[in-house]
Amino acid sequence: EIQKIAERRTKLGLLLARTSQENKISVSEDDIRNEVTKQIQRMPEQAQAIVDYYRQNPSAAESLKGQILENKTMLFMLGKVHTTQKKVTPEKISEIYAEIIKRPIE
């Protein structure tokens with residue numbers, strides 16, 4: 001089970017990386033500042049500690065950059081999705097769900 005989860009995460013990571021590269025999605029300094037500002041707004045009493053944390057921990061700053069890139073890429077992908085509404089019965093939903101969980105991770 002752990003191996004299946006790891007494989008799925010790896011494939012998702014590769015998909016996100018490829019999508020961001022092919023579509024030239026990147027993280028700017030403004031993106032990083034905006035995310036740090038959001039964190040400060042959630043915890044204003046910790047403002048200086050948050051800023052210091054990212055300045056003093058390059059790995060944390062890189063991790064934040066990775067999270068931002070992932071979010072931007074996901075938003076890009078969601079923007080490409082076209083949906084339609086369809087009425088289905090609860091039984092059909094159960095059937096679809098059962099089919100999905102039986103599929104192997106590709």
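Note that the coordinates shown come from a computational prediction; the quantities given were computed from them, not determined experimentally.
Considering CD of Glu70 and CG of Leu75, their distance stands at 10.5 Å, rounded to 0.5 Å. Remark: Gln41 CD to Asn34 CG distance equals 9.5 Å, nearest 0.5 Å. Remark: Ile68 CD1 to Ser28 OG distance equals 8.5 Å, nearest 0.5 Å.
The hydrophobic cluster around Val81 extends to none of the other residues, as no ILVMFWY side-chain heavy atom falls under 4.5 Å of it. Within the hydrophobic cluster formed by Ile, Leu, Val, Met, Phe, Trp and Tyr side chains joined at under 4.5 Å, directly or through other members, Ile93 is accompanied by Val88.
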Contacts table for residues 48-61: side-chain donor-acceptor under 3.5 angstrom, sequence neighbours left out:
| from | atom 1 | to | atom 2 | distance (Å) |
| --- | --- | --- | --- | --- |
| Gln48 | NE2 | Asp52 | OD1 | 2.8 |
| Tyr54 | OH | Gln39 | OE1 | 3.1 |
| Tyr54 | OH | Gln39 | NE2 | 3.1 |
| Asn57 | ND2 | Tyr53 | O | 2.8 |

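Remark: Lys80 pairs with Phe76 by the side-chain contact (heavy atoms from CB on, under 4.5 Å) rule, at least two apart or across chains. By the side-chain contact (heavy atoms from CB on, under 4.5 Å) test, Ser20 pairs with Ile25, Leu69, Thr73, sequence neighbours left out. Partners of Glu1 under the side-chain hydrogen bond (donor to acceptor under 3.5 Å, both in side chains) rule, at least two apart in sequence or in another chain, do not exist in this structure. For Glu62, the side-chain contact (heavy atoms from CB on, under 4.5 Å) partners two or more places apart in sequence, or in a different chain, are Lys65.
Among pairs with a residue in residues 17-32, those fulfilling salt bridge (charged side-chain N to carboxylate O under 4.0 Å, His left out) read Arg18-Glu22, Asp30-Arg33, Asp31-Lys72, at least two apart in sequence or across chains. Sorted by first and then second residue, the salt bridge (charged side-chain N to carboxylate O under 4.0 Å, His left out) pairs involving residues 84-98 (not counting sequence neighbours) are Lys92-Glu95.
Looking at Leu15 and Met77, their side chains come closer than 4.5 Å, going by heavy atoms from C-beta outward. Contact check for Arg42 versus Lys38: side-chain heavy atoms found under the 4.5 Å cut-off.
When hydrophobic clusters are built by joining Ile, Leu, Val, Met, Phe, Trp and Tyr residues whose side-chain heavy atoms come closer than 4.5 Å, directly or via intermediates, Val27 is not grouped with Leu78.
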